[in-house]
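Because only heavy atoms are used, hydrogens play no part in the values below, and waters and symmetry mates are left out as well, while side chains stay in. To find a chain, count down the sequence lines: A is the first, B the second, and so on, and within it residues start at 1.
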Protein chains: 2
Amino acid sequence: MPHTYDYPRPALTVDCVIFGLDDEGLKVLLIERGIEPFEGQWAIPGGFVAPGESVDAAAVRELQEETGLKDIYLEQLYTFGEPDRDPREHVVSVAYYALVNLIEHDLEASTDARSAAWFSVDDVPDLAFDHNQIFDMALTRLKGKVRYQPIGFELLPKKFTLTQLQRMYEIILEKPLDKRNFRKKVLSLEILKALNEIEKDVAHRAARLYSFDERAYRRLQRKGVHFAI
Amino acid sequence: MPHTYDYPRPALTVDCVIFGLDDEGLKVLLIERGIEPFEGQWAIPGGFVAPGESVDAAAVRELQEETGLKDIYLEQLYTFGEPDRDPREHVVSVAYYALVNLIEHDLEASTDARSAAWFSVDDVPDLAFDHNQIFDMALTRLKGKVRYQPIGFELLPKKFTLTQLQRMYEIILEKPLDKRNFRKKVLSLEILKALNEIEKDVAHRAARLYSFDERAYRRLQRKGVHFAI
DNA sequence: GAAAGAAAGTGTGCATATTACACTCATGCC
DNA sequence: GGCATGAGTGTAATATGCACACTTTCTTTC
C-alpha cells in the first residue's frame, strides 16, 4: 500500500542498545538480521517508526518484537542522521539504551530477526550499518552516567548485597574500587534501604541485603543534590 | 512533485535553540513564524530535513536560512517524537542547541520567518508546537553542561577579561561566584592564554585580556582530565 | 568439634579540594 | 588632588577523597 507526500522525506528508525550484567561481566544484546540488507549479520535491535506512534513507543515495541524483552525503561541516546548509514536510502535512526537484569529477562527472537544473543561488550563483532558507532557511544554514555547517577540498580536483583553492587560498578567502570570507601560513599547517599534479611546458601558469612530506595532518590534529586560514586 | 513510499513515515525536522549573551543576561533566538501552522507566533528556528542531507547539516542550513547565522557549532540536544506535537501530522524533530556571541552575529530573517529576535531566557513567550518544552530542556542542559565543560567561551568575544568570564558563569548558573576562588579555579585549568593586552576605554584600572586556548583544552580532554567550574 | 577457608564488616590519618573572607592598587574622571 | 570603579591578590578552616589491614561470622571439611 503506497503512501505519497508532497516532499520527499528520510525514513525513520529506532535502535536499542541493551546492556545486561552476569557473572562474567557486562553484556550487550544483539540480533542476527533475518532480512536484507546485512542479512545474517549481527546488529542492534530496532526497526521503523510508524506514523502516529511516538518514537519512544516505537523503540519499546521493536525491542519486544525482536527480542521478547518488555517493561524496559529506555533512555534516548542520540540520533544518527548521516545519509549513507543505510545502503538502501537515507534512514535516520533514533538510538536508545537501557540496562536490564540478565537473569530476569528471557530472550526470544522473532520478527525480522533470526536470533538474539548476549555478547560481552569486549567482544562485539562487526555490526550492520553504523551500529558499532552507536554501540560505542552507548557504552561511553553508560560509563559516564553511572558515575554520577544511580542507574545500574536495574542490573541487579531487587535485593542485593553491597558487594554485588560494588562488583557491578567495578565491571562497568573497569577498575577496582576500595571496599570501605565504596560502602561509606554509597551508604552516605541514603538511597539504599537496609533490609532485615541476609543472603542465603553461601559458604561464608551471609551479607546483609539492601534494596534501592527510589523514593529517597527522587526526593534528593528534586533538591538538586549531586551524586557521585 | 509527489513522493511515494511503500510504508508511511513520519516527517522529520530539526530545531535549533540558540543562546546568546549580552550585558542584560542570557538570551535565546526566536523567529516569528511566517506560515501556518502557528503563523505569527514565536518559535525556535528550524525546518524539514531533506533526504540525502545529514540531519546535522539540515540544522545548520535551516538556522542560516531563518536567521542568517552561520558557522555555528550546533550540538544535538534530544529528539522529540510525540505524534501530536505538530497539528498537521506526525513530525519528529531533532533538536540542537548552540551558544553564540551576540555581538559578532547579525540577524536577518528570511525563509518562512517574518522576523528573528533575541529574548531573555526569563521572558520567553508561548511558543509554537512543543517548543517551550524543547527550550526548557536546552536551558537545563546548558546549565548542567557549563559546570564541567568549558563551553560558554563561544558566548564571549575572542579576547575577554576574567571578570567578563565570571559574569557569564554567574548569569548562566544564576548564582554569584567568589572572585578569588573563581580566578584560582579557572587559571588552574590551564586552558586560558594570558595575552599581553589589556582592556581599553574603561573608567578604572584596565584588566588583562585572556583567550581560550583550545589546543590546551583538547590536550587535557584527551588525557581524560575532568573540569568543573 | 576443631581447623581452615571465604567473604563480611569496620576506622583512621594524610592529602587534596573547596569555601569563606578584605584589603591595596591602578586608572580615569571631575 | 580626590574620588569612584573595578583589578588583583593570600590564608585559614573545613570538607572530601583516598590509601590501607584486621577481626568477625559462618560454612565446609576432616
Side-chain angles (χ1 to χ4, degrees), chain A residues 23 144 146-150 156-157 159-171 173-211 220 223-229, chain B residues 21-24 146-150 156-157 159-171 173-211 220 223-229:
Chain A
D23 312 327
V146 84
R147 287 207 67 257
Y148 60 93
Q149 296 249 309
L156 296 174
K159 300 171 181 182
F160 50 85
T161 68
L162 293 182
T163 301
Q164 284 178 297
L165 184 63
Q166 180 178 343
R167 190 121 43 219
M168 182 196 76
Y169 274 97
E170 289 175 332
I171 288 171
L173 297 173
E174 295 183 294
K175 68 178 179 195
L177 301 172
D178 179 83
K179 183 157 80 160
R180 277 176 290 194
N181 293 338
F182 179 79
R183 282 164 185 243
K184 230 181 306 176
K185 186 82 197 192
V186 83
L187 291 176
S188 74
L189 297 177
E190 296 189 312
I191 54 170
L192 295 187
K193 250 203 305 267
L195 304 175
N196 279 324
E197 276 182 84
I198 55 168
E199 277 182 301
K200 291 220 166 72
D201 302 319
V202 286
H204 53 80
R205 174 175 176 182
R208 159 163 254 122
L209 291 171
Y210 291 81
S211 69
L220 289 177
K223 288 188 200 163
V225 176
H226 276 269
F227 291 87
I229 290 172
Chain B
L21 192 78
D22 69 8
D23 312 328
E24 297 162 48
V146 83
R147 288 207 67 255
Y148 60 94
Q149 296 249 308
L156 296 174
K159 300 170 180 182
F160 51 84
T161 69
L162 294 182
T163 300
Q164 284 177 297
L165 184 64
Q166 182 179 344
R167 190 121 43 218
M168 181 194 78
Y169 275 96
E170 289 176 333
I171 288 170
L173 297 173
E174 293 183 294
K175 69 178 180 195
L177 300 171
D178 179 84
K179 183 156 81 159
R180 278 177 288 195
N181 294 339
F182 179 80
R183 284 165 183 241
K184 229 181 307 175
K185 185 84 197 192
V186 83
L187 291 175
S188 75
L189 297 177
E190 296 188 313
I191 54 171
L192 296 186
K193 250 203 304 268
L195 304 174
N196 280 325
E197 276 182 84
I198 54 170
E199 278 183 300
K200 292 222 165 69
D201 303 320
V202 286
H204 53 80
R205 174 174 175 182
R208 161 164 252 119
L209 292 171
Y210 290 81
S211 69
L220 289 177
K223 287 188 201 164
V225 176
H226 278 269
F227 291 86
I229 289 173

Measure the NZ-CG distance between Lys184(B) and Asn181(B) for me, rounded to the nearest 0.5 Å.
4.5 Å
dT9(D), OP1 or OP2 - any side-chain N/O from Arg183(B) closer than 4.0 Å?
no
Between P on dG11(C) and CG on Leu187(A), what's the gap in Å once rounded to a whole number?
12 Å
Roughly, in whole Å, what's the span from CG in Asp201(A) to P in dT25(D)?
21 Å
Mapping Lys185(B) and Arg208(A) to their closest nucleotides on DNA chain C, which lands nearer the 5' end?
Arg208(A)
Are Ile191(A) and Val186(A) close enough, and set up right, to give a side chain to side chain contact (heavy atoms under 4.5 Å, CB included), and what steps lead you there?
CA-CA 8 Å; Ile191(A) 54 170; Val186(A) 83; 5.8 Å; no
May I ask you to check whether Arg167(B) and Thr161(B) show a side-chain donor-acceptor distance below 3.5 Å?
no
Would you say Arg208(B)'s side chain and Leu195(B)'s backbone share a donor-acceptor pair under 3.5 angstrom?
yes
Check whether the side chains of Arg183(A) and Ser188(A) place a donor and an acceptor atom closer than 3.5 Å, and report yes or no.
no
Whole angstrom is fine here: how far is it from CG in Leu189(A) over to P in dT16(D)?
12 Å
Counting distance only, does the side-chain N/O of Glu170(A) pair as donor-acceptor with the main-chain N or O of Leu177(A) below 3.5 Å?
yes
What is the distance from CG of Leu177(B) to P of dT18(C), rounded to the nearest Å?
13 Å
The test is side chain to side chain contact (heavy atoms under 4.5 Å, CB included); show your working for Glu199(A) and His204(A) and say whether it passes.
CA-CA 10 Å; Glu199(A) 277 182 301; His204(A) 53 80; 4.0 Å; yes
I need the CG-P distance between Leu209(A) and dA8(C), as an integer number of Å.
11 Å
Without swapping roles, check the side chain of Glu197(A) against the backbone of Leu209(A) for a donor-acceptor pair under 3.5 Å.
no
Strand-adjacent residues in residues 160-170 of chain B, judged by heavy atoms under 4.0 Å from DNA chain D:
Thr163(B)
Scan nucleotides 20-30 of chain C nucleotide by nucleotide, 5' to 3', and note B when protein non-hydrogen atoms come under 4.0 Å of the base, S if they reach only the sugar-phosphate, - if neither.
BBB--BBBS--
Check the surroundings of atom CD in Gln149(A): do more than 12 heavy atoms from other residues, nucleotides or ligands lie under 6.0 Å from it?
yes
Integer-rounded Å distance: dT27(D) C1' and Lys200(A) NZ:
16 Å
